[in-house]
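Below: one structure, written as structure tokens.
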Protein chains: 2
Amino acid sequence: MRLLLLSTSTVHGTNYLDYAQAHVRAFLGAGVKRVLFVPFALHDRAAYAAKARERFERLGYGLDSLHEAAEQGRAAALAAIHGAEAVFTGGGNTFRLLEALQRLELLAPLRARAQAGMPYMGASAGSNLACPTLMTTNDMPIVQPQSFEALGLVPFQINPHYLDPEPGSKHMGETREQRIREYHEMNERTVVGLREGGILQRDGDRLKLIGQSGARVFRRGVEPVEFRPGDDLSALLQPASC
Amino acid sequence: MRLLLLSTSTVHGTNYLDYAQAHVRAFLGAGVKRVLFVPFALHDRAAYAAKARERFERLGYGLDSLHEAAEQGRAAALAAIHGAEAVFTGGGNTFRLLEALQRLELLAPLRARAQAGMPYMGASAGSNLACPTLMTTNDMPIVQPQSFEALGLVPFQINPHYLDPEPGSKHMGETREQRIREYHEMNERTVVGLREGGILQRDGDRLKLIGQSGARVFRRGVEPVEFRPGDDLSALLQPASC
């Protein structure tokens, strides 16, 4: 499997995907000419696809959007997935993304292609989608998906946009670390708190943290551990470690 | 219906329920001697019940916890609900709270008692529970409830711990206002962004904002409106307005 999972599509003070463009080019390589975009995390799919298309064209790739195929029916959507050279799932609301893919019955075909080696890229909600479930999203549950189960392309959970506790905050809502601790009160899986600018790259049985930010890895029952860009995280791909 | 819905159980710099104690006393009055506590939003129910019991005893009320009755079986849980003089649902994780009440089939009996006039108090997740759905929670979806439908004791949604956008933030995750706008991309219902310290009190067809903080009310398709403690919000109880 080949995955490129971004914590965020945009880092503060830069434009859409700018910070990640060298990693995207290196990941897709010269073999890929067109990318299939999954826009379902945002409400205005056409506008989202136009924005992504403009950005990928500047990177040298053509872009088709899955919502356009889906509007022509299920057969066209399946054909788009089966013919895709690579997939990029954009960020937005993870519940909306997962609900749409489950309702359109496109989750299993996407999973099968990624498991067979088609490069899969995600940003934010699109990275959460690669996890076993959406249970570590930060998003508001604005729609109810049939199930919380997602693609399961890695055996651990990602918390995108991971935020360190704010010193001196007077807000009484839970910190991100407290939320992940609550997740571990109910679930076993390891959670990678991926700070904005951090990227996970999977190549078969290798997993590496790249990009410009670190990650905080939470295993159930033990103290969290910090990782830096360049660190090898392949151990997280062993089911026993999750 | 008589409801007292707190944005938070604790305001920064004070102890559990301190800021709200005069409102709790005025709401329960001299007629209520014992309160039935719903502790399912936290993992350690026994510790949570002990904390709530200590606090309510200092306020002059006895406290029974629904988890103790539920451990003796469904008949005992139903008897506790049917015999309750008042209910208080504590804060924590809204998904965990709703999942437990649905699994134990206690949501409908609680709803029936509240609709028949039994005083219902909630804090944070417990206030969200009084809404038609949990769709405006800030919590992480650490467990999957059977459904997102909740008690529906008011026709609008509450977003507890409502936070104003932070000026100068470099974080790229959505602000609370953006999340509520996303909710309205998919749903019709009005959302009350209830800041910490804010309390909604319902008495029949009257709804009032009390406590020490304002609320920001989001109606689909129009600009949000600010309300101050003391303001009358009864119009929100008209289904047409939601």
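Order of the sequence lines sets the chain letters (A, B, ...), proteins ahead of strands, with each chain counted from 1. Owing to the predicted nature of the structure, the values given are computational and were not obtained by experimental measurement.
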Most chain A-contacting option - heavy-atom pairs closer than 4.5 Å, from B:Val11, B:Asn159, B:Leu163, B:Leu42: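 Ranked by heavy-atom pairs under 4.5 Å with chain A, first place is B:Leu163.
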
For [X], which atoms come within 4.5 Å of any heavy atom of chain B: side chain, backbone, both, or neither?
X        : answer
A:Asn138 : both
A:Leu134 : both
A:Gln178 : neither
A:Thr8   : side chain
A:Glu182 : both

Minimal non-hydrogen separation, A:Asn187 against B:Ile142, with atom names: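 What the structure gives for the nearest pair is ND2-O, 2.9 Å.
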
Contact summary for B:Met140 and A:Thr136, nearest pair of heavy atoms: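 Where B:Met140 meets A:Thr136 most closely, the heavy atoms are CE-O, 3.7 Å.
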
Distance, nearest 0.5 Å, that separates OG1 of B:Thr133 from CD of A:Gln144: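 Output value for this atom pair is 9.5 Å.
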
Whether over 12 other heavy atoms sit under 6.0 Å from B:Glu177 CD: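 Yes, because the 6.0 Å sphere around CD of B:Glu177 holds more than 12 heavy atoms from other groups.
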
More than 12 heavy atoms from other groups under 6.0 Å of CD on B:Gln102: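 Check passes, neighbour count above 12.
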
Parallel, tilted or perpendicular: rings of A:Phe148 and B:Phe95 (30°, 60°):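 B:Phe95 and A:Phe148: perpendicular rings.
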
Taking every heavy-atom pair that is under 4.5 Å apart, which of [options] has the most such pairs with chain B?
options                                : answer
A:His161, A:Glu185, A:Met186, A:Arg179 : A:Glu185
A:Gly92, A:Ser147, A:Gly13             : A:Ser147
A:Gln157, A:Glu174, A:Arg176, A:His184 : A:Glu174

Chain A contact via B:Gln146 - side chain, backbone, both or neither, heavy atoms under 4.5 Å: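 Contact with chain A is through the backbone of B:Gln146 alone.
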
